[in-house]
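Reminder, nothing fancy here: chain letters follow the sequence lines and each chain counts from 1. Just so it is clear, the structure is predicted and the values come from calculations on it, not from any experiment.
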There are 2 protein chains.
Amino acid sequence: MNLRNEKHKLGRQLILHEARQLFIALGYHQFSMRQLAKAVGCSPGTIYVHFKDKNELVNCLIEDAFDKLSETLHALEPQDDPSDQLKHALRAYIDFGLEHPNHYHFAFLMKDPRPAGTPYAPHAAFDFLRDLTKSNIQSKRLRLNDIDMVSQVLWTAIHGITSLLITKPRFPWVNKDQLINELIETAISGLNREESAQEKT
Amino acid sequence: MNLRNEKHKLGRQLILHEARQLFIALGYHQFSMRQLAKAVGCSPGTIYVHFKDKNELVNCLIEDAFDKLSETLHALEPQDDPSDQLKHALRAYIDFGLEHPNHYHFAFLMKDPRPAGTPYAPHAAFDFLRDLTKSNIQSKRLRLNDIDMVSQVLWTAIHGITSLLITKPRFPWVNKDQLINELIETAISGLNREESAQEKT
DNA sequence: TCCTATATTGAACACTGTTCATTTTGCGGG
DNA sequence: CCCGCAAAATGAACAGTGTTCAATATAGGA
């Protein structure tokens with residue numbers, strides 16, 4: 001019973017190992033279960049012993065990848081200025097997306113098929129961003145004090161550039177590195193409290 | 001010969017008409033050529049007389065939709081303040097995306113399959129945004145004077161929120177309307193020249 | 001009316017994800 | 001050692017998909 005379980009887990013690992021490479025190379029749609037079965041050296045049915053369906057399998061790959069992002073973010077060297085800390089994290093998020101385009105694509109660019117009722121499973125990475133936002137709000141440098149509002153503004157902003165750089169490689173981008181920096185600078189500076197005039201409505 | 005051409009065009013229109021509804025209802029992947037053929041009342045092969053493949057057909061639908069966006073943008077009532085004008089346009093862009101999620105998804109969330117060599121076909125809507133950016137730069141209120149840099153920062157920012165609101169309806173968003181406004185406000189204000197301290201590096 | 005160029009057809013090809021009755025496998029107990 | 005039994009693996013089958021193409025139907029001009 002125990003040994004059987006071990007073997008089951010080994011089989012699962014073997015499939016995931018092979019799946020990882022195929023997924024990285026091909027992306028969600030090109031990546032096929034039958035092809036994977038061939039690569040693993042088993043029949044298509046076997047994969048369904050270990051995973052409910054293609055979506056569940058790919059979700060496992062994605063979770064692994066995003067755990068790594070979370071680790072990367074936590075491993076970031078602390079900055080004295082909370083605003084600098086935030087900038088570094090935003091940059092790391094974008095870099096991660098660009099280094100794992102297929103993972104990022106599946107996680108954030110595909111409409112997930114689960115019905116409206118099912119609760120949203122938060123990414124640890126987003127929680128990290130939210131915590132950093134909190135620090136920045138607590139240091140009272142921001143124009144707003146709604147943690148969720150601010151972190152969602154930041155997330156959507158960095159998601160925008162990450163996803164467009166992935167999906168539109170042929171667009172005549174200005175220097176991408178500068179663009180990313182400028183976007184981050186713009187977002188942070190736009191959220192900062194300004195001494196000079198502001199506010200209407 | 002003339003009449004034949006007319007009939008050809010009619011057939012094309014008929015297919016596009018039926019395709020439009022299916023595509024809006026189902027999105028790119030659910031939408032199938034065979035299903036479309038059934039709806040039109042012809043055989044699958046006939047559709048390939050009018051369109052090279054599924055991609056080309058859907059591209060026609062998308063172009064129609066984005067022409068409408070371009071019209072909407074041009075029809076926007078002019079504002080005295082170029083910055084307000086820009087804000088209105090950004091808002092209209094986002095609203096358009098949210099009203100046509102499947103079109104938006106196909107246009108900006110799917111990696112287009114054409115090889116790296118093929119030139120990028122610019123959307124008229126993006127040109128419009130670029131022109132507005134130009135006006136804003138000319139009024140010397142912005143921190144930067146690179147039109148492309150600024151317009152790309154703005155585009156990626158509004159794309160971020162548009163796409164995430166489409167793909168992550170289950171995310172615990174704050175009030176969406178406020179979020180959109182706050183993002184636009186943040187982006188514009190972050191690009192504005194500040195009297196107070198700035199710059200490092 | 002007949003000829004011909006075009007439009008249309010639908011079967012066929014090569015795929016896809018997924019299911020399930022059937023067979024093989026390997027461990028624990030007698 | 002071997003038998004039984006439960007778990008694992010199989011691969012054919014189902015219902016789809018986009019796309020192609022030889023064969024057929026059709027309609028306009030001579």
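- A salt bridge links B:Asp177 with B:Arg91: the distance from a Lys NZ or Arg NE/NH1/NH2 to an Asp or Glu carboxylate oxygen falls below 4.0 Å.
- Residue B:Ser43 places none of its side-chain N or O atoms closer than 4.0 Å to OP1 or OP2 of C:dT8.
- When the P atom of D:dT17 is taken as reference, atom CD of B:Gln30 falls 9 Å away, rounded to whole Å.
- Between the NZ atom of B:Lys38 and the P atom of D:dG16 there is a distance of 9 Å, rounded to whole Å.
- For B:Val49, the listed nucleotide lying nearest its side chain is C:dT8; candidates were D:dA9, C:dT18, C:dT8.
- Rounded to whole Å, atom P of C:dT16 lies 9 Å from atom NZ of A:Lys54.
- Rounding to whole angstrom units, CG of residue A:Leu22 and P of C:dT16 are separated by 11 Å.
- Projected onto DNA chain D by closest heavy-atom contact, A:Gly45 and B:Tyr48 fall at different nucleotides, the more 5' of which corresponds to A:Gly45.
- Rounded to an integer number of Å, the gap from CD of A:Glu56 to P of C:dT19 is 12 Å.
- Listed pair B:Ser32 / D:dG18 meets the phosphate criterion, a side-chain N or O lying under 4.0 Å from OP1 or OP2.
- Shown here is B:Lys176, whose NZ atom has more than 12 heavy atoms of other residues, nucleotides or ligands within 6.0 Å.
- Taking atom CG of B:Asp53 as the reference point, atom C1' of D:dT20 lies 13 Å away to the nearest angstrom.
- Counting any heavy atom pair closer than 4.0 Å across all strands shown, B:Thr46 reaches a base atom.
- From B:Phe66, atom CZ reaches atom CG of B:Asn59 across 10.5 Å, with rounding to the nearest 0.5 Å.
- Note: CG (B:Leu26) to P (D:dG16) measures 14 Å, nearest angstrom.
- In this structure, the nucleotide among C:dT16, C:dG17, C:dT9 sitting nearest to the side chain of A:Met33 is C:dG17.
- One N or O donor and one acceptor, one from the side chain of B:Arg34 and one from the base of D:dG18, sit under 3.5 Å apart.
- In this structure, A:Tyr93 has its ring center no closer than 6.0 Å to that of A:His159.
- In this structure the side chain of B:Glu182 never reaches within 4.5 angstrom of the side chain of A:Asp146, judged on heavy atoms.
- Between B:His50 and C:dT8 there is a side-chain polar atom (N or O) within less than 4.0 angstrom of OP1 or OP2.
- Note on B:Phe51: nothing from the nucleic acid sits closer than 4.0 angstrom, heavy atoms only.
- One interatomic measurement links the two molecules: NE2 of B:His29 to P of D:dG18, which rounds to 10 Å at whole-angstrom precision.
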